[in-house]
Amino acid sequence: QVQLVESGGGVVRPGGSLRLSCSASGRTFSNYPMGWFRQAPGKEREFVATTRWIGGGAYSKHYRNSAKGRFTISRDGDKNTVSLQMNSLIPEDTAVYFCVASNTRGLIVSELPKTGNYDYWGQGAQVTVSS
C-alpha cells in the first residue's frame with residue numbers, strides 16, 4: 001500500500017520560514033513526478049511546486065508564480081522523499097499542504113499543475129502564517 005507522509009507544518013509569523021518534508025513508502029517514485037499542492041479554507045486545491053524526472057538522476061523543478069523566489073522544492077530519488085523549503089512566508093500561504101505523487105512518468109510541463117494527474121496524496125500538513 002502506497003503512503004505519503006508529510007511532516008514539518010506549523011505556525012510562523014509573516015516573513016518566517018518553514019520546511020515541509022514528505023516520505024513515500026510502498027513503491028518507488030524515483031522516475032515519477034512528486035510535488036506539493038495546498039488548500040486554503042473555502043478555496044480549491046492549488047498547485048504549489050513539483051519535480052519531474054529528466055534522466056541521469058536529475059529533476060526539473062516547477063513552481064506556481066507566487067512561490068517563485070520564495071519556495072524551493074528538492075527531491076531525493078534514492079530516499080523516495082520530496083521537501084519544500086518555504087521562505088518569506090505571507091498570510092496568503094496559510095493552507096493545508098499536500099504531498100503528491102504521480103503514476104505517469106511522461107507528464108509534460110503543462111500537465112504538471114493539474115490535480116487530476118497525481119494519483120497519490122498525503123494526509124496534509126497545516127501551515128499557518130499569522131502575526
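For reference, positions follow the sequence shown, starting with 1. In this text the structure is predicted, and so the values were computed from the model without any measurement.
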Side chain S102, main chain N117, donor-acceptor under 3.5 Å: yes
Residues that E46 engages under salt bridge (charged side-chain N to carboxylate O under 4.0 Å, His left out), provided they are two or more places apart: R38, R64
Under 3.5 Å side-chain donor-acceptor pair for T128 and Q126: yes
P14 side chain reached by I90 side chain, heavy atoms, under 4.5 Å: no
Beyond-backbone contact of T72 with Y63, side-chain heavy atoms, under 4.5 angstrom: yes
For Y32, all residues meeting ring-ring contact (aromatic ring centres under 6.0 Å, His included), sequence neighbours excluded: none
Residues which pass ring-ring contact (aromatic ring centres under 6.0 Å, His included) with Y97, listed by chain and number, not counting sequence neighbours: none
Parallel, tilted or perpendicular: rings of F98 and W121 (30°, 60°): perpendicular
For R105, all residues meeting salt bridge (charged side-chain N to carboxylate O under 4.0 Å, His left out), sequence neighbours excluded: none
Table please: side-chain donor-acceptor pairs of residues 20-29 below 3.5 Å, with sequence neighbours left out.
{"from": "R27", "atom 1": "NH1", "to": "N103", "atom 2": "OD1", "distance (Å)": "2.3"}
{"from": "T28", "atom 1": "OG1", "to": "S30", "atom 2": "N", "distance (Å)": "3.4"}

Nonpolar side-chain network containing W53, other nodes, edges under 4.5 Å: Y59
Pairing residues for T51 by the side chain to side chain donor-acceptor pair (under 3.5 Å) criterion, not counting sequence neighbours: R75
Beyond-backbone contact of V127 with M86, side-chain heavy atoms, under 4.5 angstrom: yes
Test applied, side chain to side chain contact (heavy atoms under 4.5 Å, CB included); reference residue, W36; option that passes from T50, V100, I73: I73
Contacts of type side chain to side chain donor-acceptor pair (under 3.5 Å), residue S88, not counting sequence neighbours: none
Extract all donor-acceptor atom pairs below 3.5 Å that involve side chains of residues 2-11 and protein atoms in other chains or at least two apart in sequence.
{"from": "E6", "atom 1": "OE1", "to": "Q123", "atom 2": "N", "distance (Å)": "3.2"}
{"from": "E6", "atom 1": "OE1", "to": "Q123", "atom 2": "NE2", "distance (Å)": "3.2"}
{"from": "E6", "atom 1": "OE1", "to": "G124", "atom 2": "N", "distance (Å)": "3.0"}
{"from": "E6", "atom 1": "OE2", "to": "C99", "atom 2": "N", "distance (Å)": "2.8"}
{"from": "E6", "atom 1": "OE2", "to": "G124", "atom 2": "N", "distance (Å)": "3.2"}

Disulfide bond (SG atoms under 2.5 Å apart) pairs, two or more places apart, involving residues 102-131: none
Salt bridge (charged side-chain N to carboxylate O under 4.0 Å, His left out) partners for R52, two or more places apart: none
Counterpart residues, side chain to side chain donor-acceptor pair (under 3.5 Å), relative to D119 (two or more places apart): none
